Amino acid sequence: ISPAMRAATDVPLGELTGGWGDEGLPFVRDFLIPRRATQEVLSELRRRKRMVIVEGAPMAGKSNVLRELALSIREPEDMTPLFVEADGGGGSGLLQIIADILSGALGWQVGADDTRTWLRRLSHQAGPALVLIVDGISATRDEVRRDIEELTAEAFGLNLRIVLAVDDTVTRRLVRNETGRKVTRIGRRASVVSVGTLDRREFGSAVGILADKRIG
């Protein structure tokens with residue numbers, strides 16, 4: 001299943017990547033700043049955390065952290081990425097969005113119930129863990145929230161893990177109830193990694209990469 005998931009991940013990453021002049025695309029070809037947040041996410045995943053929330057202000061670089069994560073776990077045999085662009089699913093839940101991805105990658109029609117059954121079976125099997133890398137959720141859509149709660153519940157094994165990028169204003173609504181006094185099921189299951197401004201090492205890496213491109 002790993003080659004199929006990696007191929008399915010290449011499609012959205014390719015569609016979201018352009019040249020320096022493509023202002024509407026979040027990724028630039030051959031330009032990726034290594035972020036400390038990515039290593040923190042990897043550490044949480046290798047601790048077998050069911051879910052990691054990557055939070056930050058708009059334009060902080062959350063999507064680039066997810067891109068770096070998806071590319072960094074392509075070679076190791078312990079994890080396989082599946083990049084999911086959630087805002088491309090309209091009003092669909094996460095399971096239906098994944099079903100649409102699988103239909104395109106595998107070449108046959110797959111529904112949300114089929115996807116649920118497949119993920120549950122896969123989550124209890126030996127072999128590489130499937131990491132769902134979910135980007136593009138700007139608000140706490142009920143359909144997506146319900147599916148995340150289900151996929152991180154005890155019915156699913158630890159070989160299924162989720163990394164979810166959200167704006168920092170959304171994090172509290174995901175991990176706390178409406179009164180703010182009680183931690184939600186997602187909050188109990190998730191670790192939170194924050195993406196902020198570039199630290200000294202990250203900034204130095206960015207300067208070096210830009211210098212290689214003759215940009216100063």
Side-chain angles (χ1 to χ4, degrees), residues 5-6 9-10 12-14 16-18 20 23 25-87 128-138 140 148 152 158-176 183 186-216:
M5 294 302 97
R6 292 188 177 107
T9 291
D10 286 340
L13 289 181
L16 294 169
T17 303
W20 291 95
E23 297 180 1
L25 296 176
F27 306 141
V28 178
R29 193 172 296 108
D30 300 324
F31 178 74
L32 182 61
I33 303 170
R35 300 300 303 267
R36 176 172 47 84
T38 307
Q39 298 307 312
E40 293 178 8
V41 173
L42 279 168
S43 177
E44 292 298 316
L45 290 174
R46 292 201 165 106
R47 287 179 51 228
R48 299 171 69 85
K49 194 69 178 179
R50 288 183 179 272
M51 181 177 177
V52 183
I53 296 173
V54 179
E55 66 160 14
M59 305 299 292
K62 299 184 295 296
S63 294
N64 279 279
V65 167
L66 297 193
R67 177 194 181 199
E68 184 185 4
L69 177 67
L71 295 175
S72 66
I73 61 177
R74 295 173 68 87
E75 296 303 328
E77 294 300 319
D78 57 338
M79 289 184 285
T80 297
L82 178 59
F83 186 90
V84 180
E85 190 183 7
D87 63 1
L130 179 62
V131 181
L132 301 178
I133 303 174
V134 185
D135 194 20
I137 295 179
S138 57
T140 52
I148 290 173
T152 55
L158 290 175
N159 247 22
L160 175 66
R161 300 163 207 173
I162 297 177
V163 178
L164 175 69
V166 297
D167 288 348
D168 48 10
T169 55
V170 175
T171 307
R172 183 173 178 81
R173 285 183 281 164
L174 278 174
V175 303
R176 294 274 178 177
V183 178
I186 289 177
R188 293 193 295 270
R189 298 164 184 167
S191 293
V192 178
V193 172
S194 296
V195 181
T197 56
L198 299 178
D199 63 22
R200 186 181 298 274
R201 180 176 296 180
E202 292 168 338
F203 182 76
S205 297
V207 171
I209 295 170
L210 290 171
D212 290 341
K213 304 294 182 183
R214 299 182 181 274
I215 299 173

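No experiment lies behind these values; they were computed from the predicted model shown.
- Between Leu160 and Arg50 there is no side-chain heavy-atom pair separated by less than 4.5 Å.
- For the pairing with Arg161, the side-chain contact (heavy atoms from CB on, under 4.5 Å) check across Met51, Arg46, Met79, Glu44 returns one residue only, Met79.
- Proximity of Val54 to Leu69: side-chain heavy atoms (C-beta onward) are nowhere separated by under 4.5 Å.
- Note on ring orientation: taking the six-membered ring where Trp is involved, the planes of Phe27 and Phe83 are perpendicular (angle over 60°, cut-offs 30° and 60°).
- Under the 4.5 Å side-chain criterion, counting only non-hydrogen atoms from C-beta, Asp167 is in contact with Lys62.
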For the pair Val134 and Ile148, evaluate side-chain contact (heavy atoms from CB on, under 4.5 Å) and give the outcome as yes or no after the intermediate values. CA-CA 10 Å; Val134 185; Ile148 290 173; 6.0 Å; no

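- Glu85 places no side-chain N or O within 3.5 Å of a backbone atom of Pro12 that could act as its donor or acceptor partner.
- Between the Arg6 side chain and the Thr80 main chain, no donor and acceptor come within less than 3.5 Å of each other.
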CA sep, side-chain torsions, deciding dist, call: Leu16, Arg67, side-chain contact (heavy atoms from CB on, under 4.5 Å): CA-CA 10 Å; Leu16 294 169; Arg67 177 194 181 199; over 6 Å; no

Working for side-chain contact (heavy atoms from CB on, under 4.5 Å), residues Val52 and Glu40: CA-CA 10 Å; Val52 183; Glu40 293 178 8; over 6 Å; no

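- The main-chain N or O of Asp199 is found under 3.5 Å from a side-chain atom of Glu202 such that the two form a donor-acceptor pair.
- At least one donor-acceptor pair closer than 3.5 Å links the side chain of Thr9 to the backbone N or O of Met5.
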